[in-house]
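Throughout, protein chains are lettered first and strands after them, A, B, ... in sequence-line order, and every chain is numbered starting at 1. These numbers were taken from a predicted model, which means no experiment stands behind them.
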Amino acid sequence: MLKMTGIGKSFQGVRVLSGVDLEAAAGEVHAVVGENGAGKSTLMKILAGVHSPDEGTIEIDGRPVTFGHPIEAQRSGVAIIHQEFNLLPERTVAQNVFLGREPGRWGLVDRAAMESATAELLHSLGEETFGPGDLVRRLSVAQQQVVEIAKALSLNARIVVMDEPTAALAEHEVGLLYALVRRLTARGITVLYISHRLREVFELADRITVLKDGSRVATEAAAGLDTAALVRLMVGRELDAHFPARAGGPPGEVVLSVRGGGNARLRDIDLEVRAGEIVGLAGLQGSGRTELAKALFGAEPFTTGEMRPRRPRSAREGIAAGIGLVTEDRKAEGLLLGQRVRDNALLVARATGGGRPAVEKLLERVRLSPPRPELEVRTLSGGNQQKVVLAKWMTVAPRVLLFDEPTRGVDVGAKAAIHDLMRELARDGTGILMISSELPELIGMSDRVIVLRDGRIAGELPAGATEEAVMHLAAAS
Amino acid sequence: MKRALPIFVVLAGLLVAIAVANPYFLEPPSLLAFVKRAAPLVILAAGQYFVIVSGEFDLSVGSLVTAEVVIAARLIDGSAAATWPVLALLIVLGPLVGLVNGTVTTVLRVPSFITTLAMLLILSGAVFLWTGGAPRGALSPQFRELGRGGLGPVPWSALILLAAAAAAIWVMRSGYGHRLIAAGDNDRAAALSGVHVARVRTVAFMVSGLSAAIAAILLGGFAGVSAQVGQGLEFQAITAVVLGGVALGGGRGSVVAAMAGAFTLEALFTLLNLYGISGALEPAVQGVIIIAAVALGAVSLPRRKAAAA
C-alpha cells in the first residue's frame, strides 16, 4: 500500500532524516514513535507533500509518486489529522467537511446534498452525538477530531496520518478514538499513528517503527515488544524506574488551604497542600481541573470561600502570595516565544521586582540542554521549553507550585527530567499540585490524588491508588 | 542588535548618496541642520516605538502635536513671561492624552487603532473649533529658541534629541522595558507571570504623548504656528518605526533601530528634495516603504519557523 524508501532530508545543512524506510499495508495501524526531534514530523510532512525529500522514493499501491504540494498528496489519498485542527469554528460541520469543494447546483451550494453526505459519513464513523448542521465551535475537541476524519474520508483518503491525536483528549474520549481508528482500518484504510503515549501505541498498533536522530532504529510487530523494550529502542537506554522515588518523610506545614472555594465553574472546594508533598489532581476533561488551578493561582479567582495565606484576585496577587502556575498551554500562556531563554527565565522575577537571579545556574538546575540563555525560545523543543517555564518560576521560589499537564508534548527524556525536578522541588519544601491526564504519571508522582467531577471534589485517594479507582471516582454519576 | 543592523546600512547608504549630490552635506553645519530638522520625527518615532513594541498603535500623535502648538501660540501670545508655564503645561498635557488613550485601550478594551484614531479626530476637531481654522496668537521668541537656536553651533534640538535617546535606551534596559516587550510578545503569558499588562501599556501611551509634546515644542520653534504643523506625523513615525525593523504586533525590535528608521526617512526626503522631486511625493514614498518593510518582515517570519521545526 504505502512504501517509503531511503527518505533523506536536510534543513539548512542540518540533516533531519537519513535513509528512512517505512512500509504499511492496507488496514494496518502503523505507529511511528521517537523522542522529540527524532524526525517523525518531518517524515510525515514529506508524506503529506509539505516538504519534498532530498533523497528517496514514495510508492502508493506500487506506483511511485512525488508531491510538490499538499494538494497533490491529498489527491493521492493521503490525509493528515494535525494536533491543531484546521476547522472554521463559525461554520457548520458539513460546511467544514466540504470546505472548498461544496457540491453545487446552478452556481449555488447544494446544502441539502452536502448535509446528507456529511450525515452519511458521520454515521459510518459511528458518530451520533452531533450532526452536520452543528457549529464546529460548539463541539468538544474529540468531536472536532471526528469532523477532521470525516473530512479526510470525504476526500477518499486511504492513508490517514494522526499526529498526537490524544494530546488534547480526556481519558474517557481516548476509548472513542480507539474505536474510530478501528473503524478506519476495517475499511482498509492505513493509519499512521504518531504518539508519545506508549500505552496507546500498544493498544492500537500492528507494527511500530522507531525513529531516533533522523534514522530508523527498528520496525517491529507490536506483539513482539513491551514498554521497556520500546523505550530502550527510543532513547537507547532503559528507563526502568519510570518515576523517581517519593521522599518518604511526613509532609510539612500547610502552605495552601481552601475552605468552600467556589466560582462560576467550581463549588465547595476544600483543599490543603502541605510543604514537600505532591498532590495529584485528576478528573475528566471539563471537570474543572484547569479552572481549579487558575482559581488557586488567582488568574480566574474564587468568588466565595476562604483561602490561606490569602485568596488572590489576580495572577499578580497569587504570585505575591507565593503561588506559581505552570500552565497547560505553554506556548499561549507560558512563554514569550520570540524572546530569548534568559528573558523568559527572568520574566516573573522582573514582573514582580524579585531581584536578579543567576540565570546560568538555574538553567543547569532545570537541565536545559544545551543550557544557552541566548537562544530564542521558539527554536527549542517542547521539553526544553517546559524546562524554561520551570526556571521562570524557580527564580521566585514559590511556596506552592501548580503544574497543569507538565509533560504534555514532551519527549521521554525531558519527561523524566521534569519528574526529577518536581521531586527535587518537593524535597526542598515546595508544595506541589499536579494535574495530568496521564493516569500512570499522576499516580506515579503523587503522594495523594484528589479527583474532581463537575467542578466539585469527588474524593481523595492515597498514594499508589489504581487507575481504576481514580477513573471510578472521576466518571461515577 | 542583529535585527537592527540593516537599517544602519540603509541609513549610511542614503547619507553617502546625499553627500555625492551635495558634497557640503557632510560638513558639520549642514549635518547639524539635518539633525535639527530630523529631531522632532526621531523623538516621535522613539515614543511610537514604546506603543508599537507593546503591541498597540498610537495614531493620535500628529493631531496632538498640532493641538499643542496651537494651544501654546494662543496662551503665550508673544509674551516672554508666559513661556515657561506654558512649556510646563505642554509637557503635562502630552502624557495626559496618552493616559486617556491607554486607559480607554486597556480598561475599556477598545482596540488602540480605534481609540487613537478617535483621539486624532477629537483633537483635530477641537483645534478647529477653538481656532476657527486659523490659529491665533504667537509663540514668544524664547519659545522658538528651542526649535531654532542652539548652544554655540550645536542646536538645542540636537541636545534634546540626545537626552531623549539616552533616556529611551535606559528605560528599555530597565525592568519596565523588559515588561513592555513581554506584554508585546505574549500578553497572556506576561499577565500570568505577574506583569501588570494594562499599566505597562498605559505608560507606553503616556511616553508617546510625552514625545509628541517635545516634538511639538521643537516643531513650533522650527516651523512656526499653523493648523497643519503636525499633519501626517503619526504615519511618518509609524513608517520610521517599521523601517527600523520593529514588528507591528509587538515584542520585537529596538528603540535605537526605530530612531535610526526616522533618520533614514528624513534622509530619504532630503535626497528626493536634492534631486528636485516634488515634496508632494513624500506620502507616496512613505506608503511604499511601509508596505515593503512589513512585507519583508512577513517574508522572513516563516523562514524563522522552518528553522525551528
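Residues from residues 329-337 of chain A that place a non-hydrogen atom less than 4.5 Å from a non-hydrogen atom of chain B comprise A:Lys331, A:Ala332, A:Glu333, A:Gly334, A:Leu335, A:Leu336, A:Leu337, given in numerical order. Applying a 4.5 Å heavy-atom cutoff, the residues of residues 313-322 of chain A that approach chain B are A:Ala315, A:Arg316, A:Ile319.
A:Leu292 is listed as a side-chain neighbour of A:Phe302, based on a closest heavy-atom distance under 4.5 Å. Within the 4.5 Å cutoff, side-chain heavy atoms of B:Phe205 are placed close to those of B:Ser112. When side chains are defined from C-beta on, A:Lys392 does not count as touching A:Asn344, because their heavy atoms never get closer than 4.5 Å. In this structure, A:Glu360 and A:Pro373 have side chains that are in contact, with non-hydrogen atoms separated by less than 4.5 Å.
The pair A:Asp404-A:Lys294 fails the salt-bridge criterion, with no side-chain N (NZ, NE, NH1 or NH2) lying under 4.0 Å from an Asp/Glu carboxylate O.
Under the 3.5 Å distance criterion, the side-chain polar atoms of B:Arg201 are matched with a main-chain donor or acceptor of B:Ser54. Judged by distance alone, the side chain of A:Thr430 and the main-chain N or O of A:Leu425 form a donor-acceptor pair under 3.5 Å.
The environment of CZ in A:Arg310 is crowded: more than 12 heavy-atom neighbours from other residues, nucleotides or ligands sit within 6.0 Å.
For the 3.5 Å distance criterion, the side chains of B:Asn101 and B:Thr116 fail to qualify, holding no donor opposite an acceptor.
Atoms CZ and CG, from B:Arg179 and A:Leu347 in turn, are 10.0 Å apart once rounded to the nearest 0.5 Å. Distance check, rounded to the nearest 0.5 Å: CE of A:Met162 to CG of A:Leu192 gives 10.5 Å.
Your options are B:Ala189, B:Gly184, B:Gly175, B:Ala191, and the one with the most heavy-atom pairs under 4.5 Å with chain A is B:Ala189. Chain A forms the most heavy-atom pairs under 4.5 Å with one residue out of B:Leu192, B:Val195, B:Val200, and that residue is B:Leu192. The residue among B:His196, B:His178, B:Arg188 with the most heavy atom pairs within less than 4.5 Å of chain A is B:His178. Of the listed residues B:Ala190, B:Ala182, B:Gly251, B:Ser193, the one with more heavy-atom pairs under 4.5 angstrom with chain A than any other is B:Ser193.
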